[in-house]
Amino acid sequence: MIAEEQILADLTGPQREAVTHMEGPLLVLAGAGSGKTRVITRRIGYLISQGVDPSTIVAITFTNKAAAEMAQRVHQFLDSESGFGPAISTFHKFCVQLLRMYGKTIGLESNFTIFDTSDTGKLIKTACGDVGALPAGMTVGKVEGVISRAKSQMVRPDELSSKLDLPQYLVPALSRIYARYEDMLRENKALDFDDLLLKTLDLLNEPFARDAIHRRYQYLLVDEYQDTNRVQYLLAKGFSAHTRNFCATGDPDQSIYGWRGAEIGNILDFEKDFPDAKVVYLENNYRSTNHILNAADSLIKNNKQRKDKKLISVLGQGEKLKIHSCEDENDEARQVVELIRQAKLKGRAYSQIAVMCRVNSLFRTVEQTLRDNGIPYQLARGVSFFQRKEIRDLMSYLRVIANPADTVGLERIINMPTRGIGAQAQAVLKDYARTQGVIFYEAVLNADRIPSLGKSQVNVIRFAEMMERLRKTVANGVTMEELVRQTIDASSLRNYYQKRSEKDNRPDELSPVANLEEFVGTAQNYDREAPDGSLTDFIAQLSLVNDIDAVEDDSDRVVLLTMHAAKGLEFEQVVIIAVEEEILPHAMCLGNDNQIEEERRLLFVGITRAKRELHLCFSHHRSTRGSYRQNFPSRFLKEIDPQSVEGMDVSELTRPTRVSQFVISPRKSADTEAVTALPARPKCQYRPGQRVYHQKFGYGVIQEVYLSGTNYNASIQFNIAGLKKLVLGIAPLHIVQS
DNA sequence: CAAGCCATGGTTTTT
DNA sequence: CCATGGCTTG
Ligand SMILES: Nc1ncnc2c1ncn2[C@@H]1O[C@H](COP(=O)(O)OP(=O)(O)OP(=O)(O)O)[C@@H](O)[C@H]1O
């Protein structure tokens, strides 16, 4: 065991106070870079030094990467061979472990499959079809949104109308789809991401499981508490109900996942939940220089409904940040390359430079330009590998082997690669399954008894034999590497993609076959790291991989990542691109003040990742999905204290891009004369071709202006919202100057 | 039944 | 711009 002094070394008074707090609820409320994560890590060490059994400690982080880093740091606080260490993981992963262990008590088999959004999307689509035509104005995507919102707020299908603010006429269809969706999950023996949390909550309501979990875990620590959702909040309370040893850390200004149900209220109401909670504030920042902090602070001050925080850097003033005005995305990418070159000349490592933006798609040009200039980089998109078609195919085989009830997976692979089991044959199988009341896989196994399969019958039988052979292999015990190799060959996936690559004549590194090989490597890693793992566990690990988890720390490459993925990280130098209206804040968020505030927090998070040097870029033009468009600097740039900005005439940003609003008085324009010759009429400033900004619909171009009754109306093509007809005196419109 | 072609439409962030 | 789906042809 390590000496207490070492654990408490390099901590400020308040940090130490939090670290040495033993029993009872504790909240560490502090700004960016103030050492919250360090507090959690040291506190785990301190608890252990005070004789707490490490295996009774649970620490929840936001990402697997953060968990791995914390585990590594905590490792030094442990006796070399002292049994189990603390559980350090994300909410989702921790829940999966508990469900595998205790799921039986709530009727959950331990080989359940985790469905990702693409799987659940398929289910919801089918569910929509089953239920009949969708109500007007509803799309599958919107239904998905409603269901996911309902689940994260723990609203059941029959409670939609009372608990969710939905138009009444949509409710019957939606609750039927939702109920059907839940049934299908059960049929597939699958859980979606929300279920992982919800079912664990069920565990905590089941005496046997609850007691076992409570006996095992005595101390709970949750990092990034500001981004927990309702279910996670209830889980945290449930896990710690017996001891009330619950330590939460977070920063309300860094809450950026409201869009998927995170409730900032969890952290704001902590003291109400636990009136006896000890609250520690940290006011020193050890990460960034004062100019960077000041920029961040001046920005975030524009959010209403927040408590102001004091945060002082211990690193001095530092350099001012720079705002770069670029012509278009190519120019922007060139400037980024130039900044990286200069940094490299100054002796900065590539890996200490991050390029961030709001949406991954904006990295295309930057990536190309970095490649062209020989600058090494890595894109933080771990999931993209697992979303490749060939990898999803392979994973689907593994999923069905582990859980034959996984019909979504089975439907994907039954004719992939094509093996003569077409739509017709599949319909016959499905029909058989339905009439016999068995799962789809069972129908496949019974193919020899289904003559109506016709010519396909023999193909189905052969497929069934192949799958059963693989299943037997697993039952007899096999490494994941071996299983993956066998699956790739037995399924003919390798053959199929090999042939296709030959035809397409693509460069090798990106080829599907190479990806399949890489997946073998993934399996090898798993075998090495989890010698007594299982197929189910292997698949689950992969289902919970996160973008940022795949970023390699030990390679000297520039990191490209979204600001969401940057949560909790830090870099010497940060370059944020496309700080433009309709990108940041994103077009989808315009017109909703809460969402705009979250966008502001997002930029705040991006800015506060920088230790010493910060650059913000915007482009005047950008081509998005084919068309070349004019863009405007983000409103957020104007909010940053000019005192901390260098190198650019900040007034260029404050120069109004929007002409102030005017209203046509309906009375005065009350003539019936048709008005098509618009320029002649001084009463109406709007003309076809003008760019306008609408509070709700965002930016658009006026197509036509006409008089209707006593009002001028206009038809406006909005970039996002599409063509709308609006009454000019009433609609909240601004003219935008180009 | 397979494969390739064209039209359509949707269009963030992610556990 | 991209992915998906429907249609046609082999
Ligand atoms: N007392 C201290 N002395 C020196 N450095 C410290 C101290 N506390 C924290 N740091 C350093 O400050 C940096 C930020 O710490 P940490 O990541 O724990 O902050 P945080 O509050 O979790 O930040 P954020 O909320 O922005 O993710 C780290 O590099 C950490 O090592």
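A, B, ... follow the sequence lines: proteins, then strands. Residue 1 opens every chain.
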Protein-nucleotide distance (A:I256, atom CD1; B:dT15, atom P), rounded to Å: 11 Å
Sugar-phosphate only, base, or nothing, as touched by A:N360 at under 4.0 Å among non-hydrogen atoms: sugar-phosphate
A:R419 vs A:H564, nearer the 5' end of DNA chain B by closest nucleotide: A:R419
Distance, rounded to the nearest Å, where A:F604 contributes CZ and B:dT13 contributes P: 23 Å
Residue A:R260, side-chain atoms from C-beta onward, closest of B:dT12, B:dT14, B:dC1: B:dT14
Ion pair A:D406/A:K189, N-O distance below 4.0 Å: no
Nearest-Å distance once atom C1' is located in both C:dT4 and B:dT13: 23 Å
Residue pair A:R600 / A:L299: nearest heavy atoms and the distance that separates them: CD-O, 3.3 Å
pi-stack flag for A:W259 and B:dT12, centroid dist under 5.5 Å, interplanar under 30°: no
Touch class at under 4.0 angstrom, heavy-atom based, for A:E598 against every strand present: nothing
Nucleotide nearest A:R364 (side chain, heavy atoms from C-beta), chosen from C:dC2, B:dT14, B:dC1: C:dC2
Touch class at under 4.0 angstrom, heavy-atom based, for A:Y257 against every strand present: sugar-phosphate
A:E182 bridged to A:K151 by N-O distance under 4.0 Å: yes
Student check: side-chain heavy atoms of A:V231 and A:D194 closer than 4.5 Å: no
Cation-pi geometry met for A:R412 and A:Y397 (6.0 Å, 45°): no
Short side-chain N/O contact to B:dT14 OP1/OP2 from A:T562, under 4.0 Å: yes
Shortest side-chain distance from A:K125, nucleotide among B:dT12, C:dT4, B:dT14: C:dT4
Atom-to-atom span, CE of A:M356 to C1' of B:dT13 - whole angstrom: 14 Å
Which nucleotide in B:dA2, B:dC1, B:dT14 has an atom nearest any side-chain atom of A:A425: B:dC1
Nearest-neighbour nucleotide for the A:T90 side chain, B:dT14, C:dT4, B:dT15 considered: B:dT15
Touch class at under 4.0 angstrom, heavy-atom based, for A:N415 against every strand present: sugar-phosphate
Euclidean distance, atom CD1 of residue A:I577 to atom P of B:dT13 [Å, nearest integer]: 13 Å
Proximity to the side chain of A:T117 - top-ranked nucleotide from C:dC2, B:dT15, B:dT13: B:dT15
Nearest to side-chain heavy atoms of A:F193, which nucleotide of B:dT15, B:dC1, C:dC1: B:dT15
Interatomic distance where CG belongs to A:L603 and C1' belongs to B:dT13 [whole Å]: 14 Å
Value in whole Å for how far the C1' atom of B:dT14 lies from CG of A:L197: 13 Å
Whole-Å gap separating C1' (B:dT13) and CG (A:L362): 12 Å
A:F115-A:F193 aromatic ring centre distance below 6.0 Å: no
Distance test, side-chain N/O of A:T418 to OP1/OP2 of B:dC1, below 4.0 Å: no
Position toward the 5' end of DNA chain B (nearest nucleotide), A:G420 or A:C589: A:G420
Touch class at under 4.0 angstrom, heavy-atom based, for A:R601 against every strand present: nothing
Near-parallel close stack of A:H586 and B:dT12 base (under 5.5 Å, under 30°): yes
A:Q387 CD to C:dC2 C1', straight-line distance once rounded to whole Å: 14 Å
Residue-phosphate contact under 4.0 Å: A:S543 side-chain N/O, B:dT15 OP1/OP2: no
Shortest non-hydrogen contact from A:R609 toward A:A32: NH2-CB, 3.9 Å
